[in-house]
Amino acid sequence: MFSTHPRQPPMQDKYTPAAVEVAAQQHWESTQAFKVAEDAGKPKYYCLSMFPYPSGKLHMGHVRNYTIGDVLARYHRMRGFNVLQPMGWDAFGMPAENAAIQNNVPPAKWTCANIDYMKTQLKRLGFAIDWSRELATCKPDYYRWEQWLFTRLYQKGLIYKKLGTVNWDPVDETVLANEQVIDGRGWRSGAVIEKREIPMYYMKITAYADELLEALDALPGWPEQVKLMQKNWIGRSEGVEVHFPYEVSTIGSSGVLKVFTTRADTLLGATYVAVAAEHPLALQAAANDPELAAFIDECRHGGVAEADLATMEKKGMATGLRVVHPLTGEHLPVWIANYVLMGYGEGAVMAVPAHDERDFAFATKYRLPIRMVVRSTRDAYTDTVAPWQDAYAEQGRLVNSGKYDSLHFQDAVDAIATDLAAKGLGAKRTQYRLRDWGISRQRYWGCPIPMIHCADCGDVPVPDEQLPVVLPEDVAVTGRGSPLAKMPRFYECDCPKCGKQAKRETDTMDTFVESSWYFLRYASADNGQAMVDERVNYWAPVDQYIGGIEHAILHLLYSRFFTRAMRDEGLVDVSEPFTNLLTQGMVVAETYYRDADGGKKQWINPADVEVERDEKGRIVAAKLTADGAPVVIGGIEKMAKSKNNGVDPQALVDQYGADTARLFIIFAAPPDQQLEWSDSGVEGAYRFLRRVWSFGHVFVSELRPQLPADRQLDAVRLPEALAAVRREIHVCLRQANYDFGKHQFNTVVSAAMKILNALEKAPREVGAAHAQVAEEGLDILLRLLAPITPHVAHALWQDCGFAGDLLHASWPEPSETALRQDEIDLVLQVNGKLRGTLRVAAGASNSAIEALALGSEAAQKFMEGKPPRKVVVVPGRLVNIVV
RNA sequence: GCCGGGGUGGUGAAAUCGGUAUACACAGCGGACUUAAAAUCCGCCGCCUUCGGGCUUACGGGUUCAAGUCCCGUCCCCGGCACCA
């Protein structure tokens with residue numbers, strides 16, 4: 001109160017992020033800096049971050065995603081590219097319906113309000129976005145083209161209808177998403193979920209399975225891990241389809257049970273077959289067997305998620321039916337097993353307990369025979385087969401297989417397939433794990449499927465002139481049933497073919513459909529006459545796509561499929577939508593909680609907690625600031641509402657500004673790793689920007705006036721101390737450019753910090769030369785920081801008197817003159833251990849270095865008089881003397 | 001269960017083609033400035049040590065003159081599994 005601030009700097013020396021950022025953003029806004037059009041004179045760079053679901057407000061994961069994208073966009077602009085960075089909203093989806101149920105607000109209204117707010121947040125963060133291309137998938141001018149394409153693909157046969165299995169909540173009489181099924185029960189009703197078969201539309205993604213697989217090899221810009229996951233997901237496997245003829249005496253009719261196997265070599269080891277609970281043979285057997293019927297009923301309980309099916313207890317029951325082994329003629333029992341699924345392959349598998357772990361466990365449990373037919377190279381089998389060993393599943397030479405004995409895997413498969421084909425009981429076949437994409441959803445807040453069901457004409461696509469089928473927006477959502485199915489004014493219509501009264505489809509599409517083509521729509525977002533136009537072939541493909549690793553399979557695979565489907569419709573030239581892919585890691589933070597009633601945990605926000613540290617700085621305890629009583633440290637978790645460990649980006653921006661938020665996010669971890677939140681790390685980022693700011697203004701007031709007229713630094717002979725500072729700056733720049741190339745932005749920030757450290761420590765007494773080095777260093781520093789902290793860089797660029805708009809400045813390159821060194825230090829090792837350093841001339845020969853090393857004091861000492869056995873010289877790095 | 005990824009100081013992390021492990025920060029400790037505090041600046045900071053040095057990249061082996069990096073095995077953590085987006 002009474003104090004003055006005698007050393008308080010002049011006004012412009014104080015870093016005030018809010019003022020700096022508003023000014024920079026106004027400048028970009030008034031110059032329309034980020035609005036782009038096609039330009040044949042420049043290479044184009046289409047930089048795209050995955051568009052957000054408008055959930056309410058931005059979370060830290062969004063800020064990270066869009067900061068990474070913005071860094072790349074601004075960097076490429078300075079590299080001379082014509083950069084497009086658009087933004088939009090993935091606006092259909094379940095959360096809007098849940099909010100509608102909870103707060104009694106229509107999904108459309110809720111969604112639009114969220115979009116408005118989140119857009120202001122994105123603008124405040126200073127992203128270089130071309131907002132003129134903004135789109136929202138819930139708007140008819142977007143989804144009408146999705147409906148239009150649907151009718152095209154339907155007429156082409158690429159979309160078809162069949163039964164699919166869903167989670168049915170018998171109490172709420174509604175279909176649930178997998179995440180709404182918890183331990184086999186509905187999340188709201190608590191009712192036991194049943195599997196139910198309903199008619200659904202499917203996109204024939206399997207028609208592109210081979211192309212989607214093969215083309216992965218031509219995507220060098222994608223992370224190997226993502227390509228591998230997609231490859232495994234598509235799951236191409238070469239195998240044999242085997243037909244087991246029905247035993248007529250038990251089944252009562254002739255026919256064959258089809259199974260697919262990749263291990264046809266083990267066919268002679270098959271001791272039973274298993275079918276899904278919904279399989280026709282299962283239903284037939286259950287018809288007059290109440291016990292079997294009860295078991296099938298039990299199999300219907302629980303959800304459809306694969307992770308649940310794979311981890312549940314394997315159960316089965318014999319049907320009393322038999323099939324005939326196609327090669328031996330042996331009669332094998334047919335079992336119903338809960339782990340066999342009707343939707344996968346043929347809904348039936350052959351079981352070889354001796355060589356398949358799951359079959360082994362099943363056979364052991366139900367005392368079914370186990371017959372060894374493969375002797376692996378490790379000769380793992382003894383006379384007793386239990387317990388299971390992984391080696392049992394290995395390929396090897398056949399035994400106990402009659403004429404196939406001693407054949408190895410591939411020869412055995414070939415011979416068996418040939419014999420099966422001769423008998424008409426099987427053949428080689430390629431199978432995919434990938435299944436067709438079921439896109440029907442029994443939900444309200446989605447894109448209506450443009451189909452009309454007519455009693456006479458069947459399923460009829462909505463004609464072009466009747467599109468879009470507009471989703472009514474003034475709707476009450478209750479969570480019971482589907483609102484559209486209860487809305488005659490929506491579903492009552494006339495058949496487009498015969499004109500009779502018909503019924504409109506009331507299912508909507510999977511929201512993955514909207515996100516499978518939005519990146520193409522951005523190129524021609526203003527076109528009201530067509531889905532895309534010729535501009536798409538200027539911008540597509542996306543040069544750099546950035547988003548969470550959690551989308552590695554579904555979203556990215558659907559987008560690759562959709563791009564091809566649109567290509568084959570003549571809408572776009574390219575096949576691959578995303579040339580380069582950067583998968584960003586999660587944002588995580590510490591959690592704290594207290595035990596509450598009923599074994600529940602009461603999660604406490606980290607902002608309300610104080611931590612205690614020991615003398616090493618380790619956190620040893622934590623307490624709630626409000627009451628001073630201890631809380632439990634819950635470990636590091638993904639930022640989430642449920643764990644109350646989220647940090648609100650808005651509060652961060654309000655307190656420190658957008659540049660500090662961006663700098664911390666970029667510096668704390670490389671983009672593809674998880675990012676651990678740290679309030680003190682944010683402080684550190686802010687401190688750095690303040691130092692940059694004050695150095696800039698020291699330059700303006702003290703150094704710039706000393707600059708000589710001739711500014712050719714490369715021609716100047718600098719004092720050694722200053723030459724070292726300049727070399728350090730250029731070494732850091734070289735490092736930063738290398739790191740930018742591999743998207744390791746955290747070390748670009750390190751390099752910027754090192755440059756500032758070097759500038760601050762530069763010897764001041766050398767006057768004009770110092771001012772010159774400082775000017776060059778500051779020039780480099782501001783351009784390096786321009787993509788990361790664009791506002792502060794923009795302001796300092798102006799204040800320090802550098803020419804032009806920093807947005808259009810060129811990217812800096814290190815000077816060879818500045819990097820030149822006459823002598824270098826090598827590491828001296830004896831027997832691989834560090835024993836000293838060796839100063840040598842930069843161009844010294846290996847033999848000269850070797851001689852110098854052997855003669856050195858350190859080498860003499862640690863060689864202990866023994867003769868060198870070998871001397872390894874790594875030029876520019878080290879010398880290793882082996883004795 | 002299946003597929004993919006990760007594990008380096010007290011903490012976030014760095015180490016480019018197998019070549020000085022711990023750059024750059026954060027936290028902590030000590031000092032300067034201040035009536036005091038904040039801010040700022042300077043210094044120290046992997047572990048052990050008989051002060052010669054020895055040890056250290058989740059754990060156990062292996063290859064190599066040399067391994068955080070390559071190979072084999074184990075443990076733990078995370079992402080995805082088709083209706084969350």
Base, sugar-phosphate, or nothing for [X], non-hydrogen atoms under 4.0 angstrom?
X      : value
A/E676 : sugar-phosphate
A/A685 : nothing
A/R435 : base

>> Do A/N98 and A/Q102 pair up side chain to side chain, a donor and an acceptor below 3.5 Å, judged on atom types alone?
In response: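 No.
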
> What pairs with A/R869 under side-chain hydrogen bond (donor to acceptor under 3.5 Å, both in side chains), at least two apart in sequence or on another chain?
Replying inline: none

Applying the Watson-Crick and G-U wobble criteria at under 3.5 Å, what pairs with [N]? Answer none if nothing qualifies.
N     : answer
B/A32 : B/U40
B/C59 : B/G73
B/C2  : B/G80
B/G18 : none
B/C26 : B/G10

> What distance, rounded to whole Å, do you find between the two C1' atoms, one in B/G4 and one in B/C59?
Replying inline: 22 Å

>> Using 0.5 Å steps for rounding, measure from the OH atom of A/Y545 to the CE atom of A/M50.
In response: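 A/Y545 OH to A/M50 CE: 4.5 Å, rounded to 0.5 Å.
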
